[in-house]
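In what follows, chains carry the letters A, B, and so on, assigned in the order in which the sequence lines appear, proteins first and then strands, with residues in each chain numbered from 1. Because the structure is predicted, anything quoted here is derived from the model rather than measured.
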There are 2 protein chains.
Amino acid sequence: MRILKHVILGLLNRSSMSGYDITNEFHTTVSEFWTASHSQIYPELKKLTEEGLVTYEIQITGEVLEKKVYSITPKGKQQFINWLKIDVPMEPTPKSVFRLKIFFSDQLSPERRKYLLNSQILQHRQRLEHLKANHQKFKNPPKMNSPELGDYLVLEGAIMREEMTLKWLEKCLDYT
Amino acid sequence: MRILKHVILGLLNRSSMSGYDITNEFHTTVSEFWTASHSQIYPELKKLTEEGLVTYEIQITGEVLEKKVYSITPKGKQQFINWLKIDVPMEPTPKSVFRLKIFFSDQLSPERRKYLLNSQILQHRQRLEHLKANHQKFKNPPKMNSPELGDYLVLEGAIMREEMTLKWLEKCLDYT
DNA sequence: CCCAAACATGTCAATAGATACATGTTTGGG
DNA sequence: CCCAAACATGTATCTATTGACATGTTTGGG
């Protein structure tokens with residue numbers, strides 16, 4: 001479905017940036033709903049350029065370091081908006097290795113099960129704290145139709161997901 | 001990480017079954033935490049057989065229809081249990097195309113945004129109802145260390161996830 | 001008895017994704 | 001001034017996943 005294509009187009013539709021900048025977005029905001037590393041991003045940018053959906057101009061940083069700053073083309077913008085408008089069927093449940101382990105956890109000793117659950121709980125608590133810290137940067141919800149509203153809603157969703165996950169993990173502990 | 005390998009080993013560790021039966025598990029219980037179709041399952045069973053982790057015997061249904069009933073070997077069971085015991089680091093946030101669309105939803109008209117959100121809400125409500133129907137099949141929580149407890153906990157987790165998703169979608173609607 | 005749905009097993013090609021390999025520049029703090 | 005961290009861009013290989021292609025049998029209801 002070329003999801004990566006549309007994430008990149010969406011980011012470039014917000015503002016022009018380099019592959020490196022895009023990679024950074026994947027390390028921060030985008031990480032709440034998609035993952036990709038630079039080894040996927042650079043070839044995809046090349047492909048999008050060939051397809052005429054993005055263009056780039058080279059900027060020199062310092063003496064010689066070349067930076068390709070990509071921009072979306074009208075054709076790219078059109079494809080992005082069309083894709084965004086499509087009503088997609090509900091996605092299949094996300095994959096989860098930990099839920100798989102719980103599914104088969106009768107094969108573990110109660111001690112081991114407790115240990116694994118506590119390990120997850122600690123990590124998810126940290127993630128939740130980190131998300132809540134980001135959330136405080138927004139003093140009040142961004143106004144309608146601003147790009148920040150998307151960031152905000154996704155962040156709220158991430159917080160809700162982590163809170164739910166922690167509740168579930170603790171419930172699993174109760175049964176152990 | 002060979003997740004599919006371990007799902008199959010886990011299922012065969014519960015009871016012997018055919019590739020078709022395994023595929024059915026992926027359509028029901030397993031679908032709450034992993035997905036795979038028969039085009040992945042049959043080659044994987046072949047590979048596991050070559051690795052000596054499973055064996056099969058052929059059963060005839062009716063006159064000529066051959067069915068391969070797979071069983072886990074001691075070596076397979078050992079590998080499965082070892083894998084199950086490992087403490088895995090928290091997984092990256094699951095990918096979600098719909099959250100991606102919300103992230104960029106300032107590019108949509110409020111009407112379109114509402115439409116997409118309502119479409120998701122309807123579908124998730126149906127999934128939730130379906131999960132709750134399954135939940136009622138358990139009169140009370142299965143006892144500790146039974147395989148049913150794994151099914152039960154995963155089901156509860158799925159219900160919590162759907163309830164959270166619905167709350168989030170409704171919150172998104174409020175901002176639209 | 002017919003026919004559709006369920007049973008049953010596979011392959012192939014294309015895309016997507018993860019991890020490692022590969023190389024170099026610039027900036028800012030100690 | 002040195003050095004580490006950040007900036008910057010790519011390729012190669014392997015594995016995982018999806019969707020289509022391919023084929024045939026059995027069962028149960030109308």
Side-chain angles (χ1 to χ4, degrees), chain A residues 1-8 11-12 16-28 30-31 33-51 54 56-70 88-89 91-97 100, chain B residues 1-8 11-12 16-28 30-31 33-51 54 56-70 88-89 91-97 100:
Chain A
M1 276 188 301
R2 306 280 310 272
I3 306 302
L4 179 59
K5 163 183 167 179
H6 294 101
V7 181
I8 292 176
L11 290 170
L12 293 179
S16 297
M17 62 181 94
S18 66
Y20 189 82
D21 296 330
I22 291 171
T23 305
N24 274 341
E25 289 294 321
F26 272 87
H27 290 153
T28 55
V30 173
S31 73
F33 53 83
W34 208 258
T35 56
S37 57
H38 75 281
S39 69
Q40 259 183 291
I41 290 164
Y42 288 113
E44 186 68 33
L45 282 168
K46 197 178 171 184
K47 198 173 174 187
L48 293 175
T49 306
E50 285 160 6
E51 293 172 328
V54 305
Y56 64 88
E57 53 176 78
I58 290 173
Q59 273 181 15
I60 307 290
T61 312
E63 295 294 303
V64 290
L65 187 59
E66 293 193 349
K67 185 160 104 169
K68 289 184 182 173
V69 179
Y70 287 88
V88 285
E91 301 158 81
T93 4
K95 295 183 172 190
S96 165
V97 175
L100 158 60
Chain B
M1 276 189 302
R2 305 280 309 272
I3 306 300
L4 180 59
K5 164 183 166 178
H6 294 102
V7 181
I8 292 176
L11 290 171
L12 293 179
S16 297
M17 61 180 93
S18 66
Y20 189 81
D21 296 332
I22 291 172
T23 305
N24 274 340
E25 289 293 321
F26 271 87
H27 290 151
T28 55
V30 174
S31 73
F33 53 82
W34 209 257
T35 55
S37 57
H38 75 280
S39 67
Q40 256 182 296
I41 290 164
Y42 287 113
E44 187 68 33
L45 282 167
K46 198 178 172 186
K47 197 173 175 188
L48 292 174
T49 306
E50 285 161 7
E51 293 172 326
V54 305
Y56 65 88
E57 53 176 76
I58 289 172
Q59 273 182 18
I60 306 290
T61 312
E63 295 294 303
V64 290
L65 187 59
E66 292 192 349
K67 183 160 105 168
K68 290 183 182 174
V69 179
Y70 287 88
V88 285
E91 301 159 81
T93 3
K95 294 181 171 190
S96 165
V97 175
L100 159 61

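Rounded to whole Å, the distance from NZ on B:K67 to P on C:dG10 is 13 Å. Distance CD (A:Q59) to P (D:dA8): 9 Å, rounded to an integer number of Å. Atom pair A:E66:CD and D:dC7:P shows a separation of 19 Å (rounding to whole Å applied). D:dT9 atom C1' lies 17 Å from atom CE of A:M17, rounded to whole Å. When the P atom of D:dG10 is taken as reference, atom NZ of A:K47 falls 17 Å away, rounded to whole Å. Note: CD (B:E44) to C1' (D:dT17) measures 12 Å, nearest angstrom. If you measure from atom NZ of A:K46 to atom P of C:dA16, you get 17 Å, rounded to the nearest angstrom. Protein atom OH of A:Y42 is 5 Å distant from nucleotide atom C1' of D:dA8, rounded to whole Å.
Here A:Y20 reaches the OP1 or OP2 of D:dC7: one of its side-chain N or O atoms lies under 4.0 Å away.
Taking every side-chain heavy atom of A:K95 into account, D:dT17 is the closest of D:dT17, D:dT9, C:dG10. Comparing C:dA16, D:dT9, C:dT9 by their closest approach to the side chain of B:K68 singles out C:dT9. The listed nucleotides are D:dA16, C:dT11, C:dG10; the one nearest the side chain of B:Y70 is C:dG10. Checking D:dT17, C:dC7, D:dA16 against the side-chain heavy atoms of B:R2 singles out D:dA16 as nearest. Which of C:dT9, D:dC7, D:dG10 sits closest to the side chain of B:S18 comes down to C:dT9.
Going from atom OG1 of B:T23 over to atom CG of B:L45 covers 8.0 Å, rounded to the nearest 0.5 Å.
For A:I60, the side-chain contact (heavy atoms from CB on, under 4.5 Å) partners are A:I58, A:E66, not counting sequence neighbours. Evaluation of the salt bridge (charged side-chain N to carboxylate O under 4.0 Å, His left out) rule for A:E44 yields A:R2 as partners, not counting sequence neighbours. With sequence neighbours excluded, no residue satisfies ring pair (Phe, Tyr, Trp, His ring centres under 6.0 Å) with B:F26. For B:V69, the side-chain contact (heavy atoms from CB on, under 4.5 Å) partners two or more places apart in sequence, or in a different chain, are B:S16, B:Q59, B:K67.
The minimum heavy-atom distance linking A:M17 with A:L11 is given by the pair CE-O, 3.6 Å.
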Item checked: Reading 5' to 3' through nucleotides 19-30 of chain D, protein heavy-atom contacts under 4.0 Å coded B for base, S for sugar-phosphate only, - for none -> BB---BSS----

Margin query: Does A:Y70 form a side chain to side chain contact (heavy atoms under 4.5 Å, CB included) with A:D21? I'd like the steps, not just the answer.
Written below: CA-CA 10 Å; A:Y70 287 88; A:D21 296 330; over 6 Å; no

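Between B:T28 and B:N24, the closest side-chain pair of non-hydrogen atoms is not below 4.5 Å.
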Notebook entry, point to check: In dot-bracket, 5' to 3', how would DNA chain C read with Watson-Crick or G-U wobble pairs under 3.5 Å, [ ] for crossing ones and | for pairs to another strand?
Noted result: ||||||||||||||||||||||||||||||

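The backbone N or O of B:F33 sits nowhere less than 3.5 Å from a side-chain atom of A:S96 that would complete a donor-acceptor pair.
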